[in-house]
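Have a look at the structure below before the remarks.
Whatever order the structure lists them in is the order used to number ligands and atoms, beginning at 1. Residues: numbered from 1 along the sequence shown. Computation of the quantities below employed the complete heavy-atom set of this structure, encompassing side-chain atoms and omitting hydrogens, waters and symmetry-equivalent molecules.
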Amino acid sequence: MVNLHAAPSGASNDRRPAILEPLPRGFLWGVSTSAYQVEGATRADGRGASIWDGYCREPGRIANGDTGDEACDHYHRYREDIGAMRQIGVGAYRFSVAWPRVLPTGRGSANEAGLAFYDRLVDGLLEAGIEPWLCLYHWDLPQALQELGGWANRDVVGWFSDYALLVAGRLGDRVKRFATFNEPAVFTLFGYSLGWHPPATNDPESLYAAVHHVNLAHGAAVDVLRAGVAAASIGVIHNMQPSRPLRQVPADRKAATILDDVWNRAFPDPQILGEYPASLRDGIDPHRREGDMERIRRQIDWLGINHYSPIYAKAEGASPLGFAWADAPADVARSPIGWQVDPAAFRDVLLDAHDRYGLPLYVTENGAGAVEKPDVSGEIHDVERIDYLARYLEALGEAVALGADVRGYFVWSLLDNFEWGAGYQNRFGLVYVDYPTQRRTLKASARWYAATIKAVAERVAS
Ligand code: GCO
């Protein structure tokens, strides 16, 4: 059974490593990042503009007017970052390719210098014994394609599959783990309805079109990767969070059901089960052509789950979608940046995903945000992050003990990085980044994660 030793240990105030009994042999430990959040170098070596470059410059969009222009300068400092991964002892690194770095206008001529960066990154990882997990899309659409309608234009399916072909052809001799998309529910809903991500439009028609085209692009990319990469292991990454009514009243309960369909089901259901949730069908229908559901439902090898906390909905008559996003009730337990902490919800998400989709699961993101700085000795004692990770790993262990086929866990994130609308103020890294100097410092959580990985490996070996 689950046996998590997590008592405070000695002067450092660090928790002891998590010892998780039921984890399967070969359980994979990793860390995740994404291109726009860490790479910086947005004007280097021929990279084209992404939708985030311009959006960050619009007044009031991002806290403190921050942009991803420099981020963590991972583009130049990736070797040092691989060094940090080695120190932590992870087996895998999940990163994303910046589409505009390799295809500056999204299609047409490739940018050799951009491709060469990913060659160096992948080679460096392999030399360090770290498996590259490559995600094709983590939200940084080339600006030139946005000007043609972005995800609302069905032609994006062809553009995306050409991009997948380019990446597969260049890196597929060394990279075997591919994800098509990261959290499509977030960038479609936030981008095409709620106004929190580019293109910040609010039009249900283009939201439904974008949802359907992303699903088609996923299917097309799976086919390209399957045909082009020998021994590829292909998956997709979805955020999954229980959708709860703000108040226990019928109208809020209904709103929570609709949000559940839009947030948790609009992508994995068609991609894995071949069907949209019933509440979305009328909206999707005008965009659906014969044969589309077959094009979307392609065999994949694993499902990536990103999870942090539950979400809440309330009824709102004026909302065209039938729900409004709500903050969690005031009395819930929260992380240092106010996100709800509820490990049992994580356990249930893993069990539900196992039952519903029947695929091997990888937790591709989980972690805790904080506003933090080093103490006088230069150390970062992020005890709340350690506590969060320990409790969530315990919940993962419970899900495994109850039968969920979870094969790996990636912490979000390796580094503090550009946290979208929150800019640099919210830090999620195991490694602290001092942005003015780009100096990296392992936090206490990095040492705790390293100790956990080691302790689990020793237990399996004994
Ligand atoms: C996400 C994102 C990350 C975020 C992280 C913390 O996939 O939501 O992949 O980009 O930074 O989730 O909010």
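Protein residues with a heavy atom under 4.0 Å from ligand 1 are Gln37, His138, Trp139, Asn182, Glu183, Asn306, Tyr308, Trp339, Glu365, Trp412, Glu419, Trp420, Phe428.
Pairs passing the side-chain hydrogen bond (donor to acceptor under 3.5 Å, both in side chains) check and including a residue from residues 333-345, sequence neighbours excluded, read Arg244-Asp342, Tyr312-Gln340.
Salt bridge absent: Glu131 and Lys176 never bring a charged side-chain N and a carboxylate O closer than 4.0 Å. Taking a cutoff of 4.0 Å between a charged side-chain nitrogen and a carboxylate oxygen, Asp223 and Arg295 do not qualify as a salt bridge. Using a cutoff of 4.0 Å between basic side-chain nitrogens and carboxylate oxygens, Asp301 and Arg226 are scored as salt-bridged.
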Exercise for the section: Decide salt bridge (charged side-chain N to carboxylate O under 4.0 Å, His left out) for Arg47 and Asp45; before the verdict, give the C-alpha distance in whole Å, the side-chain angles of both, and the deciding distance to 0.1 Å. Expected result: CA-CA 6 Å; Arg47 176 188 177 277; Asp45 299 339; over 6 Å; no
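Looking at Val363 and His307, their side chains never come closer than 4.5 Å, going by heavy atoms from C-beta outward.
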